[in-house]
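Just below is one structure, and these are the notes that go with it.
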Amino acid sequence: MINDITLGQYFPGDSVIHRADPRMKLIIAFIMIGAVFAASSLISFAFLALVVVLLIFISKISPLVVLKGMKPVLFILFFTAFIQVFLTRTGTLIAEWWIFKIYSDGLMMAFKMMCRIALLVASTSLLLSYTTSPIALTDGIEGLLSPLKKLGLNTHDFAMMMSIAMRFIPTIIEETDKIMSAQKARGTDFSSGGLIKRAKAMIPIFVPLLASEIRRADELSCAMICRCYRGGEGRTKLKELKITSNDVILLLVCIGILALVITANILTTHFGLPI
Amino acid sequence: MPLSLENVSYIYGERTPFEHRALNDLNLTFKDGMITGLMGHTGSGKSTAAQMLNGLLCPTKGRVLLDGCDINESKKSRYEAKFKVGLVFQYPEYQLFKESVWEDIAYGPRNMKLSEDEVKKRVNEAAEFVGLTRQMLGKSPFELSGGQKRRAAIAGIIAMKPRFLVLDEPAAGLDPAGRDDILSQICQYKNSENSSVIIISHSMEDMAKYCDEIAVMDDGALCMYGTPDDVFSQSKRLKNAGLNVPQITELMEKLYNCGIDVSANVYTVEDAAEQLIKLYGKV
């Protein structure tokens with residue numbers, strides 16, 4: 001059921017990646033995103049795919065979980081591929097039907113685009129959501145944003161809002177599941193009928209869900225006030241984040257990956273090497 | 001027409017690190033025309049078992065039989081099982097969503113594609129059963145008190161006239177008067193509609209008072225089954241399953257062990273009072 005959503009879910013574990021400093025992981029994730037976007041030749045995509053396989057291996061996350069996490073982006077994946085295939089008009093003509101023409105370049109670009117999106121989702125979720133607890137993640141974001149404090153921005157409030165939002169994702173999923181079950185027990189049919197009928201079947205979920213989330217927000221704010229919450233002023237941390245040699249090595253490896261991808265680009269475009 | 005679970009196993013989140021075996025080869029038959037209590041400590045699999053009964057969850061292994069037919073046989077039979085086995089969830093007040101209480105109770109019957117006259121009749125009957133006044137029916141469900149919301153939600157299932165009514169902790173969080181009201185209304189419904197009721201509860205007192213038969217679950221499997229007398233006379237086994245006998249039984253056992261001439265097998269306050277009055281005369 002709805003519990004199948006794995007995008008943005010943390011799997012506890014004890015690997016090098018799990019232990020890494022969340023601030024460093026965020027930076028590494030950005031570098032990885034850069035590498036994925038910089039990649040242009042097939043060989044660099046193959047190389048990045050190898051990196052993702054290695055990440056799966058090191059983090060000990062089941063490959064099935066990573067594949068399942070792709071499910072929500074499947075639509076985007078195929079939609080962009082579709083656009084690429086039918087709107088590219090260069091290269092050799094391969095097939096033609098009615099107003100649709102398929103060119104070799106289009107196929108190539110569509111394939112690369114699909115690789116790019118899949119690698120993007122897989123690498124960021126492996127580096128961040130699957131291996132970093134939401135609390136660690138917000139700590140990392142707060143840490144990275146802390147220079148903005150000097151500009152008068154309240155980074156603590158921002159991080160607290162993020163961590164509350166993330167903390168309640170599983171709760172809301174559970175609650176939605178419960179309400180869905182309760183309405184199904186009254187005969188709501190979510191899986192048949194046209195678009196309008198299905199959209200209408202959502203009303204019995206959204207009304208109670210909204211009502212209960214508002215109630216929950218109210219209770220949470222009361223509980224926070226009762227425990228004397230007053231923002232980030234003078235607040236200390238139980239676990240101070242520390243950069244270790246492990247983190248530095250991870251960062252260097254990641255910069256190495258980016259450098260390799262860029263080198264591959266230069267070799268293909270400037271020297272015309274077929275890689 | 002019994003409702004039975006046959007060798008049912010269920011695993012949550014199979015093949016993920018969160019894998020959890022909730023039911024483990026459970027065999028359990030709910031007989032016709034009875035109020036059956038389903039007990040067990042937290043996490044023993046009662047609620048999972050309840051969701052099996054109307055096809056909300058599909059067993060990983062095993063079958064759920066209603067009228068001797070597997071309810072998970074087809075998509076259609078699974079959908080229709082919802083109307084034959086009505087399930088009231090824990091804290092059902094959070095499922096109300098329509099603009100008026102009347103409309104909310106009518107939601108289930110309308111999904112059954114009944115005629116408008118029939119819907120009207122059933123809604124009014126169900127509201128009467130749970131003690132909602134005509135004036136309350138016109139209100140928005142969000143204006144009702146907690147206990148009234150609970151009644152409205154139960155009425156929403158009763159209006160579907162299920163042959164089996166399954167209630168998960170129907171009295172949780174209500175005051176003592178509210179508890180007794182709701183439970184006795186459920187009994188009344190069973191008698192007048194000639195249907196069967198399954199109540200999941202932690203309250204030994206309620207179970208002793210209202211149930212004809214009691215099933216005790218432990219670790220996803222059936223551990224005891226019998227009349228309240230059978231079950232509550234085995235206090236040791238109950239304690240091993242993480243439960244206890246009713247408080248009044250505990251008291252009477254203690255009196256019995258002190259050598260006072262009372263029976264140790266007393267499960268309701270009324271029976272205990274009767275015995276003590278017999279012993280000491282009117283107070």
Side-chain angles (χ1 to χ4, degrees), chain A residues 1-6 9-15 18 59-69 130-131 133 170-193 197 200-216, chain B residues 12-20 47-48 50-51 53-58 75-76 78-99 103-114 140-142 149 153 156-160 162 165-168:
Chain A
M1 253 194 278
I2 197 159
N3 289 330
D4 291 340
I5 297 174
T6 53
Q9 204 181 47
Y10 171 54
F11 290 91
D14 187 34
S15 68
H18 280 90
S59 63
K60 297 193 189 85
I61 300 280
S62 146
L64 264 174
V65 169
V66 180
L67 281 180
K68 251 189 176 173
Y130 293 157
T131 57
S133 73
T171 314
I172 292 174
I173 288 179
E174 204 174 289
E175 183 123 356
T176 314
D177 202 28
K178 230 196 257 153
I179 294 173
M180 269 176 92
S181 299
Q183 306 300 19
K184 269 190 198 162
R186 298 209 279 168
T188 314
D189 189 5
F190 296 113
S191 53
S192 69
K197 204 182 150 208
K200 264 192 174 163
M202 291 291 150
I203 297 174
I205 303 173
F206 283 128
V207 174
L209 192 65
L210 196 66
S212 106
E213 288 333 312
I214 290 173
R215 187 174 44 82
R216 197 192 300 284
Chain B
Y12 281 104
E14 213 176 352
R15 284 196 303 264
T16 66
F18 307 106
E19 190 171 292
H20 169 64
S47 297
T48 310
Q51 291 183 53
L53 297 174
N54 71 346
L56 272 177
L57 292 178
C58 193
K75 219 177 153 188
K76 196 169 160 246
R78 233 179 130 173
Y79 183 67
E80 279 167 359
K82 314 258 180 331
F83 303 130
K84 291 177 189 153
V85 182
L87 175 58
V88 181
F89 275 80
Q90 216 168 345
Y91 300 107
E93 48 271 37
Y94 298 133
Q95 72 190 34
L96 303 173
F97 71 100
K98 284 278 189 184
E99 54 272 28
E103 286 290 327
D104 203 276
I105 299 174
Y107 180 70
R110 286 216 171 110
N111 279 330
M112 295 170 81
K113 311 249 162 20
L114 297 171
S140 154
F142 296 101
K149 276 187 200 170
I157 300 290
I158 284 181
M160 288 157 64
L165 179 64
V166 187
L167 302 116
D168 194 348

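A, B, ... follow the sequence lines: proteins, then strands. Residue 1 opens every chain.
- The shortest heavy-atom contact between A/Q183 and B/Y107 is OE1-CE2, 4.3 Å.
- For a residue to count as touching a neighbouring chain, one of its non-hydrogen atoms must lie under 4.5 Å from one of that chain's; by this rule B/L96 touches chain A with the backbone only.
- Considering every non-hydrogen atom in both B/N111 and A/T188, the closest pair reads ND2-N, 3.6 Å.
- Heavy atoms of B/K75 lying under 4.5 Å from chain A belong exclusively to its side chain.
- When the options A/V207, A/I205, A/L209 are evaluated for a side chain to side chain contact (heavy atoms under 4.5 Å, CB included) with B/F97, the one that passes is A/V207.
- Put simply, NZ on A/K178 and CD on B/Q51 are 10.0 Å apart, with the number rounded to the nearest 0.5 Å.
- Within the 4.5 angstrom heavy-atom criterion, atoms from both the backbone and the side chain of B/Y94 approach chain A.
- Nearest heavy atom pair, residue A/A185 against residue B/N54, reads CB-ND2, 3.7 Å.
- For the side chain to side chain donor-acceptor pair (under 3.5 Å) test, residues two or more places apart in sequence or in another chain that qualify with A/S212 are A/E175.
- We find the OG-CG distance between A/S181 and B/L87 to be 8.5 Å, quoted to the nearest 0.5 Å.
- A/S15 pairs by the side chain to side chain donor-acceptor pair (under 3.5 Å) definition with A/H18, not counting sequence neighbours.
- Nearest heavy atom pair, residue B/L56 against residue A/K184, reads CD2-CB, 3.5 Å.
- Taking A/P204, A/G13, A/P12, A/A182 one by one and counting their heavy-atom pairs under 4.5 Å with chain B, the maximum is reached by A/P204.
- In this structure, A/D189 does not pair ionically with B/K82, as no charged nitrogen and carboxylate oxygen lie closer than 4.0 Å.
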